[in-house]
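Okay, so here's the structure we're looking at.
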Amino acid sequence: MYRELYVAGPRAEHAPSAKRRAILERVAAPPLLDTMLKGITALRASGRVTWGQPVLYTFDVRVQGDRADLHDCQDARKAGQADDRTGKRLTHGMPATHMVAALIKGTDGAWRVAKVEQLEEPCSPAA
């Protein structure tokens, strides 16, 4: 489900605001769900959109019952923010970005991402 988060986010971003929650709640749970919805609103209000997709290198996945944690060593150089009107790329990510995601299993049996945070120290995709 972690990988699907990076597909659903841009889909929700380009959808009408009334449809964003339905798109995201398939892959995200609170508090991340609400954070993403607020972030999309703020991004669109600033006249920006996202472009590209980070390359994900997940590792160290640990499942304990209905909870799981995973580490990701993203290469986000081919993703960032762009001007919505012109399409001009304004930002791009960095390589070796160490992300940690917390997932929960819902009562429907589906896994959803509840939290994602970036760690300070870089990582290695071979980690």
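Asp84 is not listed as a side-chain neighbour of Arg48, based on a closest heavy-atom distance of 4.5 Å or more. Side-chain contact between Leu33 and Arg112 is absent, with no heavy atoms from C-beta onward closer than 4.5 Å. His14 places a side-chain heavy atom less than 4.5 Å from the side chain of Arg44.
A donor-acceptor distance shorter than 3.5 angstrom exists from the side chain of Glu13 to the backbone of Thr50, with no hydrogens or angles considered.
Nearest approach of Cys123 to Ala96, heavy atoms of both residues: O-CB, 3.0 Å. Ala8 and Ile23 make their closest contact through O-CG2, 3.7 Å (heavy atoms, listed as atom of the first residue, atom of the second, distance). Minimum interatomic distance between Asp34 and Pro30 (heavy atoms only, all atoms of both residues): OD2-CB, 4.1 Å. Residues Asp72 and Tyr2 share a closest heavy-atom pair of OD2-OH, 2.7 Å. Shown here for Ala114 and Pro31, the closest heavy-atom pair between the two residues is O-CD, 3.2 Å. Closest heavy-atom contact between Ala29 and Ile104: CB-CD1, 3.7 Å.
Heavy-atom contacts from other residues, nucleotides or ligands closer than 6.0 Å to CD of Gln64 number 12 or fewer. In this structure, Glu120 places its CD atom where only 12 or fewer heavy-atom neighbours from other residues, nucleotides or ligands lie under 6.0 Å away.
Met36 and Leu70 end up in the same hydrophobic cluster when Ile, Leu, Val, Met, Phe, Trp and Tyr side chains are linked at under 4.5 Å. Under a hydrophobic clustering in which Ile, Leu, Val, Met, Phe, Trp and Tyr are joined whenever their side-chain heavy atoms come within less than 4.5 Å, directly or via other members, Met1 and Leu56 fall into the same cluster. In this structure, Val49 is not a member of the same hydrophobic cluster as Leu90, with clusters built from ILVMFWY side-chain heavy atoms closer than 4.5 Å. Leu32 and Trp111 fall within the same hydrophobic cluster, where Ile, Leu, Val, Met, Phe, Trp and Tyr residues are linked whenever their side-chain heavy atoms come under 4.5 Å apart, directly or through other members. Under a hydrophobic clustering in which Ile, Leu, Val, Met, Phe, Trp and Tyr are joined whenever their side-chain heavy atoms come within less than 4.5 Å, directly or via other members, Val63 and Val116 fall into the same cluster.
Atom CG of Leu103 sits about 12.5 Å away from atom NZ of Lys115, to the nearest 0.5 Å. Rounded to the nearest 0.5 angstrom, Gln118 CD and Glu121 CD are separated by 10.0 Å. Note that CD of Gln81 is 11.0 Å distant from CH2 of Trp51, once rounded to the nearest 0.5 Å. Here the CZ-OG1 distance, from Arg3 to Thr58, works out to 5.0 Å after rounding to the nearest 0.5 Å.
The pair Asp60-Arg62 counts as a salt bridge, with a side-chain nitrogen and a carboxylate oxygen less than 4.0 angstrom apart.
Counting only residues at least two apart or on different chains, the side-chain hydrogen bond (donor to acceptor under 3.5 Å, both in side chains) pairs with a member in residues 87-100 are His71-His98.
Shown here are the salt bridge (charged side-chain N to carboxylate O under 4.0 Å, His left out) partners of Arg11, two or more places apart in sequence or in another chain: there are none.
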Can Leu37 and Arg21 be said to form a side chain to side chain contact (heavy atoms under 4.5 Å, CB included), step by step? CA-CA 7 Å; Leu37 288 167; Arg21 179 173 290 276; 3.4 Å; yes

